[in-house]
Amino acid sequence: MISLDGPPDAATLQRLSDFVAELEAREDDFEVLWIGRLPHAPRALKLNRTPAPAELAAFLQRVIRDPVATRLARARGSGWDLALLVQLPALGRDDARRGELYKRLKDTWSEFDPGWSSAIIGLPAVRGALRDAVRDALGIYFPINNLLVVLISLFVFRRFGRVALALVPMLQAEALTTFIFLSNGKSFNYITANIGTVLLVLGIATNLHLISRYIKEREHHDDRRIAFRRAARIVAKPCIVANLTTILALLSFVLADKLAVRDFGLYSAGGLLLVVLSSFTLLPALTVLFDRGAGGARGLRMPNLHRLPRWAWAHPKTVLAGAAILSIAGAAGTSALRVGSNIHLHFSKNSPVRQAAEFATERFPGFVPFEIQVTWPGQSAGTTLETLARIDSIEAAIADQVEIAGQKMTTGEILSAPDLVASYCLNPAKGQQCPAGQPTEQTAAALLRGAARSGAAPYLRRDSEGVTARLTVFRDPGYAADGLALRDALDRKSVV
């Protein structure tokens with residue numbers, strides 16, 4: 001998407017035409033839709049030649065009136081925004097190949113971009129960012145978390161040997177969980193890549209409790225077995241119960257619709273169970289065999305920590321009043337809770353994907369379009385022109401009755417079969433087929449038959465069973481709640 005300070009001139013369109021020709025020449029499977037491919041575009045532009053100034057000015061006026069061109073060009077004050085829709089081949093789950101094509105697209109664009117304000121956004125960019133998130137989670141964040149746990153454990157125990165005692169059972173549980181995960185044919189995604197971090201953060205607490213209590217018991221018992229037995233007797237029950245509640249909470253994710261979320265909950269719960277088993281089997285064995293430290297906890301001292309609960313015991317009414325105020329503030333905050341989010345909020349403000357998505361949606365609302373399908377019986381179909389008029393009335397009813405987040409829609413945000421026919425009739429060379437700018441019955445029927453044979457999903461299908469009309473809505477609901485409300489409004493009989 002490109003943002004220009006003024007109307008696109010001949011040099012700009014020529015450069016874009018060169019870019020499209022070069023891109024499609026390099027990649028046979030690429031197909032680019034832009035204003036140079038509109039039915040009423042100047043012939044010179046279609047042939048990758050520079051159009052005459054008068055011809056270009058007339059074309060831009062037609063673009064403004066063209067309902068199909070709303071996704072390709074928009075006049076914005078004195079400036080213009082242009083979009084080039086690049087269709088990549090169907091690649092299924094081959095994200096690696098998709099990433100290669102996306103890189104080639106960016107490299108080709110960099111050769112032709114003279115410094116325009118532009119952005120590239122789409123499914124390959126989003127999936128590439130999610131793939132990078134997996135790499136970062138496994139290659140950056142997980143090692144950093146391990147290092148932090150080591151430093152905290154060292155700060156507490158002051159001995160590398162006891163730090164190792166706390167970590168080895170964790171590593172065993174993480175290795176087993178990863179083995180089971182991969183053995184079941186799973187692959188890490190931006191959610192499941194965090195399983196190891198979750199196991200580390202949640203599971204290390206059990207080992208810290210056990211070893212801390214064990215060190216305390218060594219002050220009274222020289223026998224390591226007796227000291228660990230007494231430590232386990234004291235902390236085992238609260239540690240196991242606490243972990244079980246966490247495991248049950250994680251298992252609730254298996255009810256989610258998204259497979260990544262289900263896998264995260266299932267394997268995190270199973271991994272945490274393995275952590276508990278390792279903590280009460282491998283940890284005592286390692287401690288009895290290898291811990292040579294004397295009794296006493298030469299660890300962290302927090303002499304002021306006990307003052308906080310003592311102050312709370314001495315001032316219970318003040319504590320309860322403060323808790324009540326915080327609860328009210330929390331309730332007020334949750335009143336603004338929105339269900340779901342849009343694509344922007346999945347990434348940080350400095351993320352190239354978020355910046356590109358915001359650049360795009362600011363200029364072309366409806367970054368991710370959705371479809372409406374309307375059907376009615378064949379006996380009430382009428383002629384093609386009557387059918388197109390009926391679709392126009394449906395589109396007008398949607399614009400009049402439906403709101404998204406308190407804002408009405410406009411007919412310009414909806415693409416339908418009448419819009420395709422209207423775009424064709426803007427071609428000055430089609431005056432015979434579209435007298436007075438309106439298609440004849442034969443022209444409209446032929447156009448829609450040709451569109452249906454093109455392989456794309458047809459915007460109008462007429463057969464013996466009835467009529468099926470497709471409408472594409474270019475409007476981003478923003479939040480899931482708004483999208484659900486929009487769906488309910490469109491489902492109401494009164495709309496159609």
Side-chain angles (χ1 to χ4, degrees), residues 1 31-35 37-40 63-74 81-88 90 121-123 126 342-343 357 360-376 384 387-405 407-426 439 444 447-462 466-478 480 482-492 495-496:
M1 295 191 179
E31 184 176 353
V32 183
L33 176 61
W34 69 298
I35 59 174
R37 294 243 166 104
L38 290 172
H40 53 86
V63 168
I64 294 175
R65 305 198 313 269
D66 187 352
V68 175
T70 55
R71 286 293 292 171
L72 302 176
R74 288 194 175 194
D81 298 315
L82 303 179
L84 290 81
L85 306 183
V86 182
Q87 179 175 332
L88 274 63
I121 187 64
L123 183 60
V126 175
N342 55 36
I343 187 175
T361 53
E362 180 183 348
R363 290 157 176 80
F364 294 91
F367 175 68
V368 181
F370 58 93
E371 304 289 336
I372 302 172
Q373 183 171 292
V374 183
T375 60
W376 59 88
T384 301
T387 301
L388 293 178
R390 185 168 188 176
I391 297 173
D392 266 334
S393 66
I394 292 172
E395 191 172 328
I398 293 174
D400 179 62
Q401 299 180 29
V402 175
E403 293 184 354
I404 301 180
Q407 295 182 346
K408 284 186 174 295
M409 298 183 63
T410 65
T411 54
E413 296 171 333
I414 304 173
L415 180 63
S416 60
D419 299 325
L420 302 178
V421 176
S423 178
Y424 175 85
C425 288
L426 284 172
L447 281 174
L448 295 173
R449 285 197 301 270
R453 289 195 299 268
S454 67
Y459 274 87
L460 180 62
R461 186 175 68 247
R462 295 159 54 93
V467 178
T468 300
R470 169 180 161 221
L471 297 88
T472 301
V473 179
F474 296 106
R475 184 70 176 269
D476 185 3
D482 297 329
L484 294 174
L486 174 61
R487 182 199 63 185
D488 294 340
L490 293 172
D491 281 341
R492 289 200 300 266
V495 172
V496 295

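All values below come from the heavy atoms of this structure, side chains included, with hydrogens, waters and symmetry mates left out.
Minimum interatomic distance between Pro418 and Leu388 (heavy atoms only, all atoms of both residues): CG-O, 3.4 Å. Heavy-atom minimum distance, Val63 versus His40: N-CE1, 4.0 Å. Heavy-atom minimum distance, Arg74 versus Arg363: CD-O, 3.5 Å. The shortest heavy-atom contact between Arg37 and Val32 is NH1-O, 2.6 Å.
Side-chain contact between Ile414 and Thr472 is absent, with no heavy-atom pair separated by less than 4.5 Å. Using a 4.5 Å heavy-atom cutoff, the side chains of Asp419 and Tyr459 are not in contact. The side-chain heavy atoms of Ile391 and Val467, taken from C-beta on, include no pair separated by under 4.5 Å. Looking at Leu72 and Leu82, their side chains never come closer than 4.5 Å, going by heavy atoms from C-beta outward.
Rounded to the nearest 0.5 angstrom, Leu447 CG and Leu460 CG are separated by 11.5 Å. Between Arg65 atom CZ and Leu426 atom CG the span is 5.5 Å, to the nearest 0.5 Å. Rounding to the nearest 0.5 angstrom, the gap separating the CG atom in Leu471 from the CD1 atom in Ile398 is 5.5 Å.
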Task: Pair Trp376-Ile394, side-chain contact (heavy atoms from CB on, under 4.5 Å): steps then yes or no - done: CA-CA 12 Å; Trp376 59 88; Ile394 292 172; 4.0 Å; yes
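Checking side-chain atoms of Ser423 against main-chain N and O of Leu420 turns up no donor-acceptor pair under 3.5 Å. Without hydrogens or angle criteria, Arg470 side chain to Ile372 main chain gives no donor-acceptor distance under 3.5 Å.
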